[in-house]
Amino acid sequence: MAVSIVSNGSKIKKSWFETWGQYLDILAISCDSFDEATNIKIGRGNGQHVAQVYNVAQWCREYGIKFKL
């Protein structure tokens, strides 16, 4: 069995991984666009979504969690 979560990643912080990472096998992140102007235009961001996706990917590597985009 595996535990997976799908999120847009906007509320995930490193402290979340410290608390819950041990229970998670796969974290899938949805990303409408890697162009922040497009994300803002379609109401999907505040100009930081792409950077946050990279942060989440790095934290997944650190905690041994498979990352899916």
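Just so you know, residue 1 is the first one in the sequence shown, and it goes up from there.
- Note that CH2 of Trp59 and CD of Glu18 are 10.0 Å apart. Values are rounded to the nearest 0.5 Å.
- By the 4.5 Å heavy-atom criterion applied to side chains, Trp16 and Val56 are not counted as neighbours.
- No more than 12 heavy-atom neighbours from other residues, nucleotides or ligands sit within 6.0 angstrom of CH2 on Trp20.
- Under the 4.5 Å side-chain criterion, counting only non-hydrogen atoms from C-beta, Leu27 is not in contact with Tyr63.
- Of all the heavy atoms in Cys60 and Phe67, the pair that sits closest is SG-CD1, 3.9 Å.
- Connection of Val6 to Ile65 is not established within any shared hydrophobic cluster, with ILVMFWY side chains joined at heavy-atom distances below 4.5 Å, either directly or through further cluster members.
- The CD1 atom of Ile5 lies 7.0 Å from the CD1 atom of Ile12; values are rounded to the nearest 0.5 Å.
- Atom CG of Asn8 is separated from atom CD of Gln52 by 9.0 Å, given to the nearest 0.5 angstrom.
- Note that the OG1 atom of Thr19 and the NZ atom of Lys14 stand 12.5 Å from one another [nearest 0.5 Å].
- Considering every non-hydrogen atom in both Val53 and Leu69, the closest pair reads CG1-CD1, 4.1 Å.
- One hydrophobic cluster, built from ILVMFWY side chains closer than 4.5 Å, cannot hold both Ile29 and Ile26; they sit in different ones.
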